[in-house]
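These notes are about the structure you will find just below.
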Amino acid sequence: MHCKSFKFRFGILLVILSGITPLIFIDLLFFNLLNRLIMLKNYFKIAGRNIVKNKVYSFINIGGLAVGMTVAMLIGLWAYDEVTFNKSHQNYESIAQVRRYFTDPNTHETNGVDNMHYPMYTILKSDYRQYFKHVVMAWWLGDYSLSTSQKKITRQGEFMDGEGLEMLSLKMLKGSYTSLNELHSIVLSKSTAAAIFGNDDPINKTLKIDNRIDVVVTGVYEDIAKNSRYGEVQFFSPWNLWVASNDWIKQNENNWGNSSFPIFVQLKPHVSMAVANSAIKDFFYKSVPKEVAAGMIKYKAQAFLYPMKDWHLYSESKNGLPAGGRITFVWLFGIVGIFVLLLACINFMNLSTARSEKRAKEVGIRKAIGSFTGQLIYQFLSESFLVVFLAFILSFLLISLTIPWFNELADKNISIPFSNPFFWIFNIAFVTFTALLAGIYPAFYLSSFQPVKVLKGAIRFGRLAAIPRKVLVVVQFTVSVILIIGTIVVYKQIMFAQNRPIGYDKAGLMTVPKNDPNYEGKLDVLRRELLNTGILEGMELSSGPIPQISSISSDFDWTGKQ
């Protein structure tokens, strides 16, 4: 009976304990968390007092970090703008431009060109449809006048197949991706529609392009992001309309001797760029007339796809193929940004360790009354976090003030992406990394003092103790000298590029686009009248600006040609 009674009581006790234990565990966790929060609050309170007490030191520390963080963040925003170029188009990974490279049999040099033959477009659409969702012919981006009976403006635009609207995934505010199906149609950017028609609905309103091509507005799209190849395009009009308005293009529909036309494609889903490249590699041997193929074989011509994701960062070519470009500057400026931030952090470390004698007594007293080394490390790191956070706030203010000037210098349209959650995640990581980089050495260094020696005044900072700070100073000056020398070299290169001989005297030269039919038949009169003013020395016609080759033609023949 006694045994049964004991078992019963023990069972009751277990039941009670099983109900209480989770509550005790939760209470302990809550108490521990609350205790840590109070300690953290005290750490930041002490850090704040130290900042206020040492105003000059705090100003130099926070100011130096803020300037370094400002430079690093500006470079980061610039690099982000570069690496996200063209990514505003949803299909950017599957869009490509058709190009070709060839080898000169005499010089053995390999070159690449991005202007294709008109017949190639027709064959790609018909014989290679299994690889491409869209095959789009377009004309080169250029300046055109858009006019109504009351207003005339100049905007950049592009004549393109109607499929191009879907290929570029434009955000259509009015109309649809079929808005260019009609021959005399035009779709305008939102800003251009407002510039011409104000608050009126632009749909079905009439315009003239270059005062000679009549069009009807059939759509309006959201302005394309500036960091895009099409960022400056303010309108699109059908390719067939451009053909109908230019007789010379009609005459080249079946001409393999003229290559003046850019061709763009979008791959079908599940078709890789490598597969499509392999399919069109021998295009000029398999899909062209025999007489054309003979010449292509002579020059070892091969077609290839130049992906949209490489257009901006890999714009330079080697042996006819993309091989670097602005990606070099992204890496270069990224390294510069890291070095500048490193300099600011080293400055923080040196200033913190230089005040070690003043902080030594504080460390000694805290250790004497029971503080652990880990607690002191947390305290100094919290001080570092507070300083970095204040520097971060100041750097935001500096960025807001300098970003207009920076945009003008870098020819960008960068803004601070406040609404982007990844931006804030990056900033939290950036502040954390900077605080650890700047504060971890001072935290371990200051917390390592022995309390007995400090309180007796027996602590001495010998040569070995000064070595880390000397190393940091040497690194700081080395990086500074490298950056200064690099700046001078870049400046010299820019001055050389601006002043180098280019083969002609560009002083006083001016190009005026002849994109208005009112010029036709009046150019001699215009030349005579302008020369009579005494302002001009001469005036001549050209198919394009002097430093630009806008088209390539071949197969010329003349009497006595070798």
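The first residue of the sequence shown is numbered 1, and numbering continues consecutively from there. All figures in this text were calculated on a predicted structure; none of them were measured in a lab.
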Would you say [X]'s side chain and [Y]'s backbone share a donor-acceptor pair under 3.5 angstrom?
| X | Y | answer |
| --- | --- | --- |
| Arg229 | Met308 | no |
| Ser245 | Trp242 | no |
| Ser278 | Ala274 | no |
| Asp223 | Ser191 | yes |
| Thr148 | Lys151 | yes |
| Tyr131 | Met273 | no |
| Ser94 | Gln266 | no |
| Asn246 | Trp248 | no |
| Asp161 | Glu163 | no |
| Ser145 | Asp210 | yes |

Taking atom [atom1] of [X] and atom [atom2] of [Y], what is their separation to the nearest 0.5 Å?
| X | Y | atom1 | atom2 | result |
| --- | --- | --- | --- | --- |
| Tyr314 | Thr328 | OH | OG1 | 8.5 Å |
| Leu74 | Thr402 | CG | OG1 | 4.5 Å |
| Met69 | Ile399 | CE | CD1 | 8.5 Å |
| Phe329 | Glu82 | CZ | CD | 10.0 Å |
| Glu316 | Ile327 | CD | CD1 | 12.0 Å |
| Leu343 | Leu65 | CG | CG | 11.5 Å |

Is it the case that more than 12 heavy atoms not belonging to [X] sit under 6.0 Å from its [atom1] atom?
| X | atom1 | value |
| --- | --- | --- |
| Trp331 | CH2 | no |
| Phe406 | CZ | yes |
| Lys268 | NZ | yes |
| Lys190 | NZ | no |
| Lys171 | NZ | no |
| Glu182 | CD | no |
| Glu408 | CD | no |
| Phe433 | CZ | no |

- Query: Passes side-chain contact (heavy atoms from CB on, under 4.5 Å), Thr192 versus Ile153? Steps please.
  - Reply: CA-CA 9 Å; Thr192 300; Ile153 62 175; 4.1 Å; yes
Give the ring-plane orientation class for [X] versus [Y], where under 30° counts as parallel, over 60° as perpendicular and anything between as tilted.
| X | Y | answer |
| --- | --- | --- |
| Phe333 | Trp78 | perpendicular |
| Trp239 | Phe261 | perpendicular |
| Phe426 | Phe430 | parallel |

Between [X] and [Y], what is the shortest heavy-atom contact and its length?
| X | Y | result |
| --- | --- | --- |
| Ser179 | Thr218 | O-OG1, 2.6 Å |
| Leu394 | Gly63 | CD2-CA, 4.5 Å |
| Leu183 | Pro238 | O-CG, 3.3 Å |
| Asn211 | Ser147 | OD1-OG, 4.3 Å |
| Phe396 | Met73 | CE1-CE, 3.8 Å |
| Phe264 | Ala138 | CE1-CB, 3.9 Å |

Hey, are the side chains of [X] and [Y] touching, using non-hydrogen atoms and a 4.5 Å cut-off?
| X | Y | value |
| --- | --- | --- |
| Leu483 | Val340 | yes |
| Val216 | Ser185 | no |
| Val135 | Ile263 | yes |
| Val98 | Tyr121 | no |
| Val136 | Val265 | no |
| Glu232 | Lys226 | yes |
| Leu168 | His89 | yes |
| Ile123 | Phe283 | yes |

Can you tell me if [X] and [Y] form a side-chain donor-acceptor pair at under 3.5 Å?
| X | Y | value |
| --- | --- | --- |
| Gln90 | Ser169 | no |
| Tyr144 | Ser237 | no |
| Asn227 | Thr84 | yes |

- Task: Take Trp311 and Ile95, measure what side-chain contact (heavy atoms from CB on, under 4.5 Å) needs, and give me the verdict at the end.
- Result: CA-CA 10 Å; Trp311 289 357; Ile95 297 174; 4.3 Å; yes
- Audit row: Val243, Met137, side-chain contact (heavy atoms from CB on, under 4.5 Å) steps and yes/no: CA-CA 11 Å; Val243 175; Met137 181 72 100; over 6 Å; no
- Do Asp201 and Lys174 pass the side-chain contact (heavy atoms from CB on, under 4.5 Å) test, and can you show the C-alpha distance, the side-chain angles, and the key distance before you say yes or no? CA-CA 10 Å; Asp201 186 356; Lys174 295 179 183 292; 3.7 Å; yes
- Query: Hey, mind stepping through Tyr299 and Phe284 against ring-ring contact (aromatic ring centres under 6.0 Å, His included) and telling me if it holds?
  - Reply: CA-CA 11 Å; Tyr299 282 87; Phe284 295 111; over 10 Å; no
- Message: Quick check on ring pair (Phe, Tyr, Trp, His ring centres under 6.0 Å): which of Phe159, Tyr221, Tyr177 does Phe236 satisfy it with?
- Response: Tyr221
- Query: Under the ring-ring contact (aromatic ring centres under 6.0 Å, His included) criterion, do Phe389 and Phe385 qualify, and how do the steps go?
  - Reply: CA-CA 6 Å; Phe389 179 73; Phe385 269 95; 9.9 Å; no
